[in-house]
Amino acid sequence: MDESLADYQHLFKFIIIGDEAVGKTCLLLQFTDKRRVGFVFLSSADLAEDLGHTLVAWQSVARALGSFGSELSAAAAAAQRSMPVAQANAPQASFKRIDDLGGGLYLCGAAALENRAELERLGIRSILNCATNDLYNRSYTGGEPLREKLQGYKVQVFEADDVEEGCRNVPEEQQMTNLWEEGSKFIDASLQNGECVAIHCAQGVSRSSSTCIAYLMMKERMSLESAFRRVFQAREYIRPNPGFWQQLRDLEVKLGGAHVPPSNDAAGLAMARLDEELASKKSAAAAGWL
């Protein structure tokens, strides 16, 4: 398709805003046609994955909207370049980071696993892939695929897609609870053998962060708020998608936890935003907009 952005003005509008809750520049994509009314905040550092949360897959959106997709990417890049110096110098999402959650648990994206020397330094010998096996078919730094670089490590793979599934009233459904339980057994076995565990997905934002939170709730009997706060403090740009967040809320109830209103600090604001996104998603689904 060779339509320009102007051809879609009757359907969409987008603006660049500052997301005060996490201190990052975000892209607000707002649906303005009669069939869908809603919005989603997109972190410019993870534009593709967040679009995947909301619109199934970035590639599908780009194909469906033609040049609109590339213009969204260009707008996000322009926003990053125009950020104030203070904000530009603030900690940013780096998908090559390996963040320490304590107790032998580490959270990262797939690209971080390229750094075998760092894995060795941290004592990581087990890897829980909360995404799909095909992440290992590519190289993130050039050369041989990641699969070859992980020879000798103990690896378990969820084969889970990062879409807005598990959210009540939404047609798609992929339950994560069983995967979280299987992953928890793998983590426990690794820790008992003295092996630290790297828990990852594509970017270390949604699937793997949700798994870390669930593990802390199930195995360390932490409340959802405490578990989220622990992971958030280590990796400040985590963002479980609404479906996963619903399942974490369900797990909270199953474990007998009480829903506590989020506090007014950065972690609390992030949780409040996840609750708001979930509520908006449910309302849109109930109204037939999704």
Side-chain angles (χ1 to χ4, degrees), residues 49 93-138 140-141 145-162 174-224 226-241 244-245 247-248 251 255:
E49 186 170 15
S94 170
F95 302 120
K96 293 186 178 180
R97 273 172 42 180
I98 301 178
D99 293 305
D100 187 355
L101 305 183
L105 303 180
Y106 293 87
L107 173 59
C108 64
L113 300 176
E114 294 269 8
N115 190 346
R116 184 158 181 155
E118 183 66 1
L119 297 180
E120 297 290 340
R121 186 186 72 81
L122 296 172
I124 295 171
R125 298 300 306 164
S126 294
I127 297 171
L128 178 60
N129 179 349
C130 303
T132 54
N133 194 53
D134 59 8
L135 288 180
Y136 299 148
N137 293 336
R138 59 172 292 188
Y140 298 86
T141 57
L146 180 57
R147 184 181 310 282
E148 299 301 320
K149 300 174 183 178
L150 295 180
Q151 291 293 329
Y153 288 88
K154 186 186 301 179
V155 179
Q156 179 163 313
V157 183
F158 275 2
E159 293 296 345
D161 291 319
D162 194 9
Q174 174 183 301
Q175 292 299 321
M176 291 294 293
T177 304
N178 290 340
L179 294 177
W180 288 338
E181 291 176 351
E182 293 174 10
S184 294
K185 293 177 183 178
F186 175 79
I187 293 171
D188 282 344
S190 297
L191 294 177
Q192 290 169 7
N193 288 334
E195 302 169 348
C196 294
V197 185
I199 303 164
H200 81 92
C201 54
Q203 308 289 359
V205 172
S206 179
R207 284 166 286 190
S208 55
S209 70
S210 301
T211 300
C212 291
I213 293 167
Y215 176 82
L216 294 173
M217 294 172 67
M218 291 188 294
K219 295 298 183 176
E220 298 194 15
R221 310 305 295 179
M222 297 177 70
S223 67
L224 174 56
S226 296
F228 180 89
R229 187 175 299 278
R230 177 165 159 184
V231 179
F232 181 86
Q233 288 174 343
R235 194 174 182 87
E236 72 282 359
Y237 49 91
I238 62 168
R239 193 187 186 96
N241 75 39
F244 298 161
W245 187 244
Q247 292 178 68
L248 287 170
L251 180 61
L255 296 176

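For reference, positions follow the sequence shown, starting with 1.
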Please walk me through it: do Glu159 and Thr132 pass side-chain hydrogen bond (donor to acceptor under 3.5 Å, both in side chains)? CA-CA 4 Å; Glu159 293 296 345; Thr132 54; 4.9 Å; no

Worked check of side-chain contact (heavy atoms from CB on, under 4.5 Å) between Asn178 and Phe158: CA-CA 10 Å; Asn178 290 340; Phe158 275 2; over 6 Å; no

Stepwise, does the side-chain hydrogen bond (donor to acceptor under 3.5 Å, both in side chains) test hold for Thr211 with Ser208? CA-CA 5 Å; Thr211 300; Ser208 55; over 6 Å; no

Would you sort out whether Tyr237 and Arg235 count as a side-chain hydrogen bond (donor to acceptor under 3.5 Å, both in side chains), showing the intermediate values? CA-CA 6 Å; Tyr237 49 91; Arg235 194 174 182 87; 3.2 Å; yes

Check against side-chain contact (heavy atoms from CB on, under 4.5 Å), His200 and Leu128: CA-CA 6 Å; His200 81 92; Leu128 178 60; over 6 Å; no

Check against side-chain contact (heavy atoms from CB on, under 4.5 Å), Leu248 and Ile213: CA-CA 8 Å; Leu248 287 170; Ile213 293 167; 4.0 Å; yes

Please report the C-alpha distance between Ile124 and Ile98 in whole Å, then the side-chain angles of each, then the deciding distance to 0.1 Å, and finally whether the side-chain contact (heavy atoms from CB on, under 4.5 Å) criterion is met. CA-CA 11 Å; Ile124 295 171; Ile98 301 178; 4.3 Å; yes

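A donor-acceptor pair is defined here as one N or O able to donate and one able to accept, closer than 3.5 Å; such a pair exists between the side chain of Ser190 and the backbone of Phe186. With Asn193 contributing its side chain and Glu195 its backbone, the two residues share no donor-acceptor pair below 3.5 Å. Using modelled atom types, one side-chain atom of Arg116 and one backbone atom of Lys149 make a donor-acceptor pair closer than 3.5 Å.
In terms of heavy-atom proximity, Val157 sits nearest to Ala131 at CG1-O, 4.0 Å. When all heavy atoms of Cys108 and Arg97 are compared, the pair lying nearest together is CB-O, 3.3 Å. Taking all atoms of both residues into account, the shortest heavy-atom contact from Asn241 to Ser206 is N-OG, 3.1 Å. Heavy-atom minimum distance, Leu122 versus Cys196: O-SG, 3.6 Å. Nearest heavy-atom pair across Ala160 and Cys130 is CB-O, 3.6 Å. The heavy-atom pair separating Pro145 from Asn137 by the smallest distance is CB-O, 3.5 Å.
Side-chain contact between Glu220 and Arg230 is present, with at least one heavy-atom pair separated by less than 4.5 Å. Within the 4.5 Å cutoff, the side chain of Ser184 has heavy atoms near those of the Lys219 side chain. Between Gln156 and Glu182, the closest side-chain pair of non-hydrogen atoms falls below 4.5 Å. By the 4.5 Å heavy-atom criterion applied to side chains, Leu113 and Ile127 are counted as neighbours. Under the 4.5 Å side-chain criterion, counting only non-hydrogen atoms from C-beta, Leu101 is not in contact with Tyr106. Two residues are said to be in side-chain contact when any heavy atoms from C-beta on lie closer than 4.5 Å; Arg221 and Met217 fail this criterion. Within the 4.5 Å cutoff, the side chain of Leu150 has heavy atoms near those of the Tyr136 side chain. Side-chain contact between Tyr215 and Leu105 is present, with at least one heavy-atom pair separated by less than 4.5 Å.
Of the inter-residue distances, the one linking Leu191 atom CG with Ser126 atom OG reads 8.0 Å to the nearest 0.5 angstrom. Taking OG of Ser223 as the start and CZ of Phe228 as the end, the distance is 12.0 Å to the nearest 0.5 Å. With rounding to the nearest 0.5 Å, the separation of CE in Met222 from CZ in Arg229 is 10.0 Å. Rounding to the nearest 0.5 Å places NZ of Lys96 at 11.5 Å from OH of Tyr140. A distance of 12.5 Å separates CD of Gln233 from CG of Asp100, quoted to the nearest 0.5 Å. In this structure, CD1 in Ile199 is found 3.5 Å from CD1 in Ile187, a value given to the nearest 0.5 Å.
Ring-plane geometry between Trp180 and Phe244 is classed as perpendicular, the angle between the planes exceeding 60 degrees on a 0 to 90 degree scale with a lower cut at 30.
Geometric assessment of Arg125 against the ring of Tyr153 yields a positive cation-pi assignment under the 6.0 Å and 45° thresholds.
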